[in-house]
There are 2 protein chains.
Amino acid sequence: MQSKYPAGRLPDPPSPIADDGDETHFCGTCAFSSACIAAGYHKPELAALQCLVEHVGPFRAGEHIFRTGDPFRAIFAVRSGTVKTRMVDKEGREQVLGFYLPGEVIGLNAIYPEHFPCDAVALDTTFFCRFSFPAMSALASRVPAVQQHLFRMLSKELGTASLLAGDHSADERVAAFLLDLAGRYAARGFSATRFHLSMSRGDIANYLRLAAETVSRVLSRFRAQKLISIEGRELELLNPARLREIGQTLLRE
Amino acid sequence: MQSKYPAGRLPDPPSPIADDGDETHFCGTCAFSSACIAAGYHKPELAALQCLVEHVGPFRAGEHIFRTGDPFRAIFAVRSGTVKTRMVDKEGREQVLGFYLPGEVIGLNAIYPEHFPCDAVALDTTFFCRFSFPAMSALASRVPAVQQHLFRMLSKELGTASLLAGDHSADERVAAFLLDLAGRYAARGFSATRFHLSMSRGDIANYLRLAAETVSRVLSRFRAQKLISIEGRELELLNPARLREIGQTLLRE
DNA sequence: GGCGGCAATTGACCCGGATCAAGGCACGCC
DNA sequence: GGCGTGCCTTGATCCGGGTCAATTGCCGCC
């Protein structure tokens, strides 16, 4: 297995979300799957999709996939691993914008400004499908399914962006965050009740606009109430229904 | 002037942002202008844009342009007036998602769910250009400029959606809000230092995730510091530079 | 004119979560 | 081993903004 990686870049121990060893299975769970496969993998137009996609990686934890200000040329679908996007203001304070799991796509917010407005940082060892955006646009003009797919992905991200905007308590935010992750894992075929948190408490807190201490306290409280079992970054949801009650105002407003 | 409106629907007194009397000038400031005009108004493909657009209105203050759950068929460019979009949770609490000024477009976040995920409510008398989305998609397939325009508008809205996500003080939020409005008015050719706030203090507060009382207090403080002049909903920015300092972490993170 | 309703303002009080600080735990490195 | 370094947890304190409440001003309407 390891021989497929460049020397000196040993991969992390295989994680439950990594799936780069099984390409077709990955593609089945990817956000582009309907464009790549379902809509007719064999049509000549869609063969073009195979040409404009490029497999990149591995990136190790902490490495940048792109940086603020980089010229926008491509969007990236996560094949395995986890990514955070963030902005850093001039005082150096970090602002986490989102986490991206296998099958999800980063870079869409760079289309308008034509430069990436944020950093993308790997949280563990990650691989990507890189889609040249000019080529993708051109393909979208010829294949309505691809165009529609892009519209839908963009519109979908608009919906999720407004999620953490509300003024909600720390409990609501954390509960909703855990359930959101669970749902996204489930949508890609992974366990919805047991998974690994690739991000630190600090990243979670930053994303949820809380202090790291508050996240820690809420998780401790949830554990005491037997809502979750958590040890380090290994999480199990013991009472998803109750968590849903707590976070529901935030999940579907 | 009034004779052009249906009986019983007297318009509000002409507002500085209304411009429906001068169609070509409006189009020059609209978010679709490059698609409608600049990219070649006379090409046969673009004549189609004129066919799929429909002028609708007037809507009076408080009337809905669309409601949560309505099937998505079209997007709307504001021709004159102001709109707020909002979600209402099951407890009946309102969540303001955004305000839209003349030249801006509402409804993009409905593409993915195929139903409007929010309400759009007129804040004063408003007129729209209604663009059938299926027709627009079809046109986008044939005219790359239209497709690119849609991608850019969607991506742009992604950027603004993440603006109010940060944890910022009430002063920062209000200052950034006022400057954001000023910039958007300026982008459409209106005064950047004097304008009318079409929305109530409660709407502003809700949008900024503050209490109405807090917004009121901040505005009073800004007035005492000679940063603004405000009387009711008539606003003048007296010291935009200082406001920019206050709100800068939020404006460009 | 007087009344009622709504938006806005202002003051008094309180609470949730930030901040500060201390300690524990697991890891890699010399 | 001993030590440093992150990351996480837990406790003590503080403050910004929410909440409650009273007042004012503005309109529309009877």
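Given the structure is predicted, the values throughout are model-derived calculations rather than measurements.
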Exercise. Might you work through the side-chain contact (heavy atoms from CB on, under 4.5 Å) test for A/Arg86 and A/Gln95, ending with a clear yes or no?
Key: CA-CA 5 Å; A/Arg86 63 147 187 226; A/Gln95 173 94 268; 5.9 Å; no
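- At whole-Å resolution of the value, CG in A/Leu197 and P in D/dT9 are 10 Å apart.
- Atoms CZ (B/Arg209) and P (D/dG17) sit 16 Å apart, rounded to a whole Å.
- Residue A/Glu172 contributes atom CD, which lies 12 Å from atom C1' of C/dG16 at whole-angstrom precision.
- Between the CE atom of A/Met199 and the P atom of D/dC7 there is a distance of 14 Å, rounded to whole Å.
- Among the heavy atoms of the strands lying under 4.0 Å from A/Ala211 is at least one base atom, whether or not backbone atoms are also near.
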Anything under 3.5 Å between a protein N or O and an N or O of nucleotides 21-27 of chain C, put it in a table, one pair a line.
none

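- Between A/Ala120 and A/Val83, the shortest heavy-atom distance links the atoms CB-CG1, 4.0 Å.
- In this structure, the CD1 atom of B/Ile204 is 14 Å from the C1' atom of C/dT9, given to the nearest Å.
- Looking at B/Glu94 and B/Asp203, their side chains come closer than 4.5 Å, going by heavy atoms from C-beta outward.
- In the region residues 218-235 of chain B, proximity to DNA chain C at under 4.0 angstrom, judged on heavy atoms, holds for B/Ser220, B/Arg233.
- The aromatic rings of A/Phe128 and A/Phe59 lie perpendicular to each other, with more than 60° between the two planes, well past the 30° mark.
- Using a 4.0 Å heavy-atom criterion, one finds that B/Ser216 contacts the bases of the nucleic acid, with or without backbone contacts as well.
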Quiz item: Where do B/Phe195 and B/Phe190 land on the ring-ring contact (aromatic ring centres under 6.0 Å, His included) test, with the steps shown first?
Solution: CA-CA 8 Å; B/Phe195 48 89; B/Phe190 302 113; over 10 Å; no
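- Between A/Phe66 and A/Phe116, the angle of the ring planes stays under 30°, which puts this pair in the parallel group of the 30/60° scheme.
- Residues B/Arg188 and B/Arg184 form no side-chain contact, since every pair of their non-hydrogen atoms from C-beta on lies 4.5 Å or further apart.
- Following rounding to the nearest Å, A/Asp167 (CG) and C/dG16 (P) show an atom-to-atom distance of 14 Å.
- Taking atom CZ of residue B/Arg201 and atom C1' of nucleotide C/dT10, one finds them 14 Å apart after rounding to whole Å.
- Atom CZ of A/Arg217 and atom P of C/dG17 are 11 Å apart (whole Å).
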